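Step one of this worksheet: look at the structure below.
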Amino acid sequence: MSIVLVPIGEVDGKVLEFIGQALERTFGQPYSIAPATPLPAQAYNPYRHQYFSDLLLRLLEEVEAPGAERVLGVVDVDLYTEGLNFIFGQASLRGRDAIISLARLRQSFYGLPEDEDLFLERAVKEAVHELGHTYGLGHCPDPYCVMHFSNSLADTDVKQATFCPRCSQALRLSRRKRSASI
Ligand SMILES: [Zn+2]
Ligand SMILES: [Zn+2]
């Protein structure tokens, strides 16, 4: 079983590799990077200048990835879902697929000088967080746990890229249950 990263639209290959390596360490599974698929025009909302995340997630669900335990879509455009101004990512709870957006993780998005290390760190946290949801984990009250909800990047920067003991255990149980049911 593996984790497959699917770039949707133009995404920096070095960033994908960095995320993949971190996921490999965190989830103990090899990663691979699928060929990029184009951003679907119908997911773009010209009034909001954003892409509708739900539609991208549905398209991901149709991606064939034999041997993939998890599929992570990565976009470098701004995402939204109904009722929210923007989202950093989205996951199908207890499903195979999740998606993250890199657009709001750069300092330059906020008119600040770029910080590549900080950007990569944020990308990894969002990726681990969304994959955590696919294993059925909800949001965690511990502000340092990767499953803590990020209302803003300030929250993302406080939390670590790792699971707190409680979430680690929930993750282990969820993955054990899954392999037992195969
Ligand atoms: Zn979440
Ligand atoms: Zn936690």
Side-chain angles (χ1 to χ4, degrees), residues 3-8 11 15-16 18-20 22-29 31 43 45 48 50-61 63 68-106 109-110 118-179:
I3 299 171
V4 178
L5 282 78
V6 181
I8 309 172
V11 182
V15 177
L16 291 168
F18 189 88
I19 296 170
L23 294 177
E24 191 167 292
R25 284 193 299 273
T26 304
F27 294 95
Q29 284 186 21
Y31 77 95
N45 184 323
R48 301 182 61 133
Q50 291 174 307
Y51 282 80
F52 186 44
S53 182
D54 301 59
L55 187 62
L56 299 182
L57 199 54
R58 277 206 297 279
L59 289 174
L60 265 185
E61 284 163 1
V63 169
E69 179 163 316
R70 289 295 181 268
V71 172
L72 179 72
V74 182
V75 298
D76 206 346
V77 294
D78 203 16
L79 297 179
Y80 77 98
T81 189
E82 291 306 331
L84 292 173
N85 290 336
F86 71 90
I87 52 173
F88 290 121
Q90 192 179 16
S92 49
L93 197 67
R94 293 187 185 80
R96 185 197 66 167
D97 308 277
I99 186 167
I100 61 164
S101 163
L102 305 175
R104 288 180 185 256
L105 303 181
R106 289 187 189 87
F109 187 88
Y110 308 91
L118 185 60
F119 164 67
L120 291 170
E121 200 178 291
R122 288 168 173 171
V124 167
K125 288 174 186 176
E126 293 307 332
V128 173
H129 179 98
E130 295 307 333
L131 288 184
H133 282 317
T134 67
Y135 288 105
L137 301 189
H139 286 145
C140 178
D142 180 344
Y144 301 107
C145 174
V146 73
M147 292 314 294
H148 192 70
F149 176 65
S150 287
N151 203 19
S152 71
L153 278 185
D155 301 315
T156 309
D157 291 341
V158 165
K159 69 186 180 186
Q160 307 294 305
T162 51
F163 298 96
C164 74
R166 200 182 61 94
C167 290
S168 292
Q169 198 192 4
L171 178 67
R172 269 198 304 276
L173 283 173
S174 163
R175 298 183 72 191
R176 199 180 302 158
K177 225 180 286 168
R178 199 190 169 280
S179 48

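These numbers come from the heavy atoms of this one structure, side chains and all, not from hydrogens, waters or symmetry mates. Just so it is clear, the structure is predicted and the values come from calculations on it, not from any experiment. Every number for a ligand or one of its atoms is a count from 1 in the order of the listing.
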H139 NE2 and H129 NE2 subtending at the Zn ion (ligand 1) (10° steps):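 The two atoms subtend 110° at the Zn ion (ligand 1).
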
Distance-only polar pair, side chains of Q29 and E69, donor-acceptor under 3.5 Å: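 Note: Q29 and E69 side chains meet the donor-acceptor criterion.
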
H133-H139 side chain donor-acceptor pair, cut-off 3.5 Å: yes

Nearest to the Zn ion (ligand 1) - the N/O/S atom of H133, by atom name: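 Going by distance to the Zn ion (ligand 1), the closest N, O or S atom in H133 is NE2.
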
SB check D76 R104 (cutoff 4.0 Å):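 No, this pair does not count.
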
Parallel, tilted or perpendicular, as decided by the 30° and 60° cut-offs, for the rings of Y135 and F27: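 The arrangement is parallel - the two ring planes meet at less than 30°.
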
Vertex the Zn ion (ligand 2), arms to C164 SG and C140 SG, rounded to 10°: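 Value, to the nearest 10 degrees: 110°.
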
